[in-house]
Amino acid sequence: MDNLAKDIAAGHGETLDTLAELMEVPLQERAEFYSRLQTNFSNIFTSTDIQASSRCP
Amino acid sequence: MIMKRGVGLLMLLFIFFVPAIIYPSEDNIYLQDLINKAIDKKIYKERYWYILLHYKKSISGLKSLVDDPAFFISPRGKNDPEAELIETINSLFKEYQNEQEDPRCRFPARYTWLKETLNIDESLMPPSACPEFEKFLKAINPKSATLVFPSAYMNSPASMFGHTLIRIDSTYKSKLMSYAINYAANTGDEGGITYLIKGLFGFFKGYFSILPYYEKIEEYNDLDMRDMWEYELNLTEEEVRRMVFHIWELKDIYSYYYFFDENCSYNLLFLLEAARPEVNLTDEFGQWVIPSDTVRLVINKGLVRDIHYRPSRSTRIKHMALYLNKEDRAVAMKIAGGTLSPQDIMNKDMNNAKRMLILDIAAEMTQYKFMRQKIDKETYQTRFLDVLTARKDLGRPEAALYSIQPPSRPDEGHASGKISTGVGIRDNEYYQSIIFRPAYHDLVDSLGIRDEFFKPVSWKIYSGIGREVLQDGKEHLLYLINPGFGFAKENKIAGIYFGFAESELRFSKRFDADYSAGIGLSAGILKNITDRWKVKISGKAMFYELGDRNKFYSSSIQQNYTMTDDIAFRVNLTRAKSYSEYWTEAEILLNLYF
């Protein structure tokens, strides 16, 4: 979902919170989790086909 | 339509009378006992049975508001609660080849209620399994429920009345994992006048649907840009479970859809009653059911424990834009429009907070352009990824920057009905006036403001009976309908200014050929002096060229002062020219909303 890409790039957002909850990331580790995703944005979304590479469960 | 109904009924008869095996094989004494008990206790007259079958008294007698024959087990079920109940008990003691035919699986709320009310011993019944239903229940995992109100979308006549839906929440904290229960008319591609007429007279079929809640957020928040209000209900887990049982019963079942009464909001009230039958909601309305009024009702009945605000995409963009100057806002639009690279602002001398805001607006606008099909998929993907790639290096913003103060709630404003009474003076003659308006808003409530991000078209429709001075200089009764469309913009100092193209059709015995039709223009300024005090200055020119001919010009100043939520004072001053005569009018009105 494009909203997830947007949230990862921005480092916050509801879709990102949902992902963290589904992955059972504890609350106190979420800031770290979000910032690592943000740093790795270009590794996660390598092509322009955001739709296919980031399917939200 | 009649043909289709006939076929549906035939199929139903076939299903229920051909493949059934009676159980237990010896004489059904237990079944007969249950039926006798049901008749003795008259349980078919009980409120919960009426709720589950949607029975209502009407002028033509008792009937269910559900029109689909598949919703009833007895062929007489639509009008006869007793026949339906007895047939339902009978049907429980037959064996079925598949789950779709088994009433225990098909109508779990009815079955659960009957089992409890008649104390039915399941071991004396034929075996039954409902894997499909169990799967559904597990997927939904109902724990709590929320009534959701997307505010009206001013660019579309179809959404003029707002909307309500119910969200079923599970153990997930994130509401994106919840499900939305929606009741809507299946209108196909019908639009415009056909849509209105068919909707008013019940030509559309309405269905319940169950969709992931995030799809509804996408639809209302992101695409239509309607703010959403979420009213968390204080239903217990058991009550929510009952509601979900009833939702399953309504799967693929249709009722004829009527815009004003049997609409999206009204039908949801049955779900709430199925959850908590002690609360009466479906008898609280007369001829009109307006979504914001159902929200008010649900609050008044003590069903709401908390309220959340979910800002639309346009609200989010406008909020972020508050922190930017005109130049920076233009930069955001250029990036979203593809005429400026996102990297450009990285090379500029600018602080990171500002860059974040610009790129976040650009990302939202790029998504919006694609959703609205203003750009193709390839362009969108490249541009969106470019924006996000620049954005990822900027870190997280301060939370405060992105927290949006909720505006006044739809349940807090005045109710949608209005009675207005007052006195006036026109050319030295006094008069009294009374205006009754059963539903919905004034022009004042419904302008779509154009800005650098969005360019909505405002529209309006007015229809009513009134008195007006005609050619003979006397007041006469007339009926008029006036649709129009236009544009509105906002200026910080002057307020909102607007212009409308108008068309009007009027009927009166006093007109030549009994009618008068024309077109014209209107324009004005609307300014909130304080929270309670509103001023509108406007002018209008109408040219009636068909039927009774007339040129009408007017200018007026209207002031509105809100005393409480439901009481307002209005002072109007008008100078007009009609049938070549000038007149001046002043009036004071008291508006009561209900």
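Being a predicted model, the structure only gives us computed values, none of them experimental. Letters A, B, ... are given to chains in the order of the sequence lines, protein chains preceding strands, and every chain is numbered from 1.
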Under 4.5 Å from any heavy atom of chain A, what part of [X] do you find: side chain, backbone, both or neither?
X      : answer
B/R383 : neither
B/Y402 : side chain
B/D222 : side chain

Could you name each residue pair satisfying salt bridge (Lys or Arg N to Asp or Glu O under 4.0 Å) that touches residues 318-334 of chain B, not counting sequence neighbours?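 Qualifying pairs, neighbours excluded: B/K318-B/D451, B/D328-B/K354, B/R329-B/E452.
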With the threshold set at 4.0 Å, does a side-chain nitrogen-carboxylate oxygen contact exist between B/R226 and B/E219?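 No, no charged N to carboxylate O under 4.0 Å.
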Short N-O contact, B/D386 and B/R391, less than 4.0 angstrom: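 The answer is no: the pair does not qualify as a salt bridge.
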Check for me whether the distance between the ring centres of B/Y368 and B/F454 falls short of 6.0 Å. yes
If I measure from the heavy atoms of chain B, does A/Q38 come under 4.5 Å with its side chain, its backbone, both, or neither? both
Toward chain B: residues of residues 26-34 of chain A with heavy atoms under 4.5 Å: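 The stretch touches chain B at A/A31, A/Y34.
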NZ/B/K173: more than 12 non-hydrogen atoms of other groups inside 6.0 Å: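 Not buried by this count: 12 neighbours or fewer within 6.0 Å.
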Flag yes if more than 12 heavy atoms outside B/Y172 fall under 6.0 Å of its OH atom; otherwise flag no.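 No, the 6.0 Å shell around OH holds no more than 12 heavy atoms from other groups.
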Residues 338-346 of chain B: residues contacting chain A (heavy atom under 4.5 Å, by number): none
Backbone of B/E364 reached by a side-chain donor or acceptor of B/R313 within 3.5 Å: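 Yes, because the side chain of B/R313 sits within donor-acceptor range (under 3.5 Å) of the backbone of B/E364.
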Could you go through residues 142-150 of chain B and list every donor-acceptor pair under 3.5 Å that involves a side-chain atom there, pairing it with any protein atom two or more places apart or in another chain?
from, atom 1, to, atom 2, distance (Å)
B/K143, NZ, B/E237, OE2, 3.0
B/T146, OG1, B/R167, NH2, 3.2
B/T146, OG1, B/D169, OD2, 3.0

Could you walk me through whether B/T315 and B/S312 pass the side-chain hydrogen bond (donor to acceptor under 3.5 Å, both in side chains) test, one step at a time? CA-CA 5 Å; B/T315 305; B/S312 69; 3.0 Å; yes
Parallel under 30°, tilted from 30 to 60°, perpendicular over 60°: which one fits the rings of B/Y380 and B/F384?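 Correct class here is parallel.
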Exercise: do A/E14 and A/N3 side chains pair donor with acceptor under 3.5 Å: no
